[in-house]
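See structure below.
Just so it is clear: chains get the letters A, B, ... in the order the sequence lines come, proteins before strands, and each one is counted from 1.
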There are 2 protein chains.
Amino acid sequence: MTESRGLRVVGVTVTPIAVADPPLLTAIGVHQPYALRAIVQVHTDAGITGISEAYGDDPTLDRLHRAIPEIIGLDAFDTNGLVSRVSAALAGITPDTPTELVGVASIEKAIAATVAAFEVALLDIQGKATGRRVCDLLGGAARDRVPFSAYLFYKWAGHPGAEPDRFGATLDTDGIVAQARTLVGQYGFGSLKLKGGVRPPDEEIEAVEALRDAFPDHPIRLDPNGNWTVKTSLHVAHRLAGVLEYLEDPTDGIAGMAAVAERTSIPLATNMCVTTFADLPDAIAARAVQIVLSDHHFWGGLRASLDLAAICATFGLGLSMHSNTHLGISLAAMTHLAAATPNLTYACDTHSPWKVEEVIEPGAIAIRDGAANLPTGLGLGVTLDEDAVARLHEQYERCGIRRRDDSIGMRAVDPSWTGARPRF
Amino acid sequence: MTESRGLRVVGVTVTPIAVADPPLLTAIGVHQPYALRAIVQVHTDAGITGISEAYGDDPTLDRLHRAIPEIIGLDAFDTNGLVSRVSAALAGITPDTPTELVGVASIEKAIAATVAAFEVALLDIQGKATGRRVCDLLGGAARDRVPFSAYLFYKWAGHPGAEPDRFGATLDTDGIVAQARTLVGQYGFGSLKLKGGVRPPDEEIEAVEALRDAFPDHPIRLDPNGNWTVKTSLHVAHRLAGVLEYLEDPTDGIAGMAAVAERTSIPLATNMCVTTFADLPDAIAARAVQIVLSDHHFWGGLRASLDLAAICATFGLGLSMHSNTHLGISLAAMTHLAAATPNLTYACDTHSPWKVEEVIEPGAIAIRDGAANLPTGLGLGVTLDEDAVARLHEQYERCGIRRRDDSIGMRAVDPSWTGARPRF
């Protein structure tokens, strides 16, 4: 009965990888040909290894490597110790974020992201050591299947100078509706999310209205990533009242969001103006948002995301889940977390359909009928495909990309592009 | 590696007990000769039994018994399922509280208390099944020893009509200082808490000042359980500014506490006006309190208390821990919880020194040098003394007390006593 005692961390492997990414258009530009991730493997003296997936940009890798010496010897159950050790290891670093699309940089957020990268692996270890799924360790599965939304993007046919990709171009309303039909047909998604802030707002309004006509029963959300002024936000909100499930980050900052929230009936959601616990008191006092999108990658891990869920439940805020480009390890972590969060009642976001490469062995988790199944194996319930990791690490070495910069691709076609927001 | 799967609840035993309780004086009267507790034993198909300790009054017992049929078959890790099943079982009950000293009754609080009674036992099971301490399951021990405060009471020498008890009378300032010397001498407590609201406020001020003189380095807190008006509260606060560590529930309700908080530099603490998650938004908006006393017995269990801790950390509130009369199982649960809560930086309250009867086997946990050791055994790390439970259950059957009523003893000496607050 004591087999999980003495579960000490004896080593950590961090493998940066690059995965092919289509030219998805965003408020700040276009996805680069490769997205970076880090595969984290935490090894214990019991021979059990836990896995996790994190951002793979240079600042993230630097922080992970700074923390590793501090967490050697850590008990795999001691996530409080993980927080204090990582906090000590990162004291005095320069804050930075993997992408400005998840809000401003802070030391708090850098620590939280680093903690998260290890915490997921520790929970994977705990599950493997105790014969349990990660969702069990988080309080039990409130649901067996976790709904995800179809993440719709305007996109080019291919990256500048490259052949068209398998997804083809999506540059207008008809294209968005066609893309939605493809994703809903393929995955059964029951709700739709349009990444906005790309085309002029009236075009995006038109796209949402066309989606509404084509999918009368699908909740629809629109996310321009803070690329609108308050005035533009209110114009869109006025046009789409009664149409949108929620409007996500129409404009930047708590004050701007509060100004929009005050004058629209559409619930406002955010993963940009509330991205750390420190942001919550002001946002709540200002009634700036009605829904917070959690993201274990930068909120500090799965347990910290449950803390966020408790705060949302207490203060009457809705809870949804944000996605950055991710692979199957994170999909499993997100699914376990969502399953164990009773008040996560919105469908989660995921970039999964846009990924053509993977690091886990197939079969454990998939999105079907609009929802991901909860893996049945121990811990996260997914197994690393070591060959795939090696191949994608080689791709990382070759590709030369070391941090996300959505402006590079855009400047290839528009040398004056700055990505400065608000653009509309 | 899969031994903890299939850990299903197959039965629950609830044994009400009565433990001798000295005539401690409170804002609403005097403790009765016996305090009621319920010993909860949750049995699983793996042969592992978890234990817990709850209130033992009739309404609490009724709720526990209503919930038992619903939790048969529950997986011991599924605390989310516990909440939903208990919530369903208690829908429509009449809310009631074991004592008005923990705030107003609500369905939410009745559900939380019932969940807590089972959740602690489930965590005990989880620990025993996985070879882990409860503190490990809560995120790891941030401290190995948990400081508690000396809980000082005005008290009679004995219950009306009975012989004096071993503690003797404490009816004035000299008595309070002598009692403090006894408790500090015996347990090494490093901080002091005076249960006030009993004597006229100027006498209690005098007692605090005498404690300050006698123990110049001990933080001192004063708790009149809402027995003062706002005016009296401000009078005391003015006199004791710079002397008290915190002033606990000087007056009733969020509005009253906010009125006091606005005009004193002494931090205000509460376990009466903020006792459920639903109380937090208004209290925070009104800046009514600076410190919340958690209590897993009515906040919904150990995990829910961590949620409260996260909210306190997020909103800049201090966190302390409340005590009602309890025995060793709850002391262990409180100690595991406090150890796993990094921001629980105040010494916890405990009634332990006032208890002369016990239900756990000796040796696993004790308060020495002002702090409780973290039990080293699996789960809670304490073992039920079945003979003691049987003996105390017989005492319950004999004593005739079925719910706490501090006014009864007081009416024996003052027939006009109502216990109505504020009395000063």
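Heavy atoms only, all atoms of each residue included: B/I284 and A/F315 are closest at CD1-CZ, 3.6 Å. Minimum interatomic distance between B/F77 and A/L137 (heavy atoms only, all atoms of both residues): CE2-CD2, 3.9 Å. Between B/L138 and A/N80, the shortest heavy-atom distance links the atoms O-ND2, 4.3 Å. The two residues B/L306 and A/D307 make their nearest non-hydrogen contact at O-OD1, 4.4 Å.
Separating the CG atom in B/L7 from the OG1 atom in A/T130 is a distance of 10.5 Å, to the nearest 0.5 Å. Taking CG from A/D75 and CZ from B/R132, the interatomic distance works out to 4.0 Å, rounded to the nearest 0.5 Å.
Atom CG of B/D144 has 12 or fewer heavy atoms from other residues, nucleotides or ligands within 6.0 Å.
Contact of B/A340 with chain A is made through backbone and side chain together, with heavy-atom distances under 4.5 Å. For B/P342, the part sitting under 4.5 Å from any heavy atom of chain A is the side chain, from C-beta outward, and nothing else. Looking at A/L122, neither its backbone nor its side chain comes within 4.5 Å of chain B, counting heavy atoms on both sides.
Chosen from B/A310, B/G140, B/G139, the residue pairing most often with chain A at heavy-atom distances under 4.5 Å is B/G139. Taking chain B as the reference chain and counting heavy-atom pairs below 4.5 Å, the highest number among A/L82, A/D78, A/T314, A/I311 is found for A/T314.
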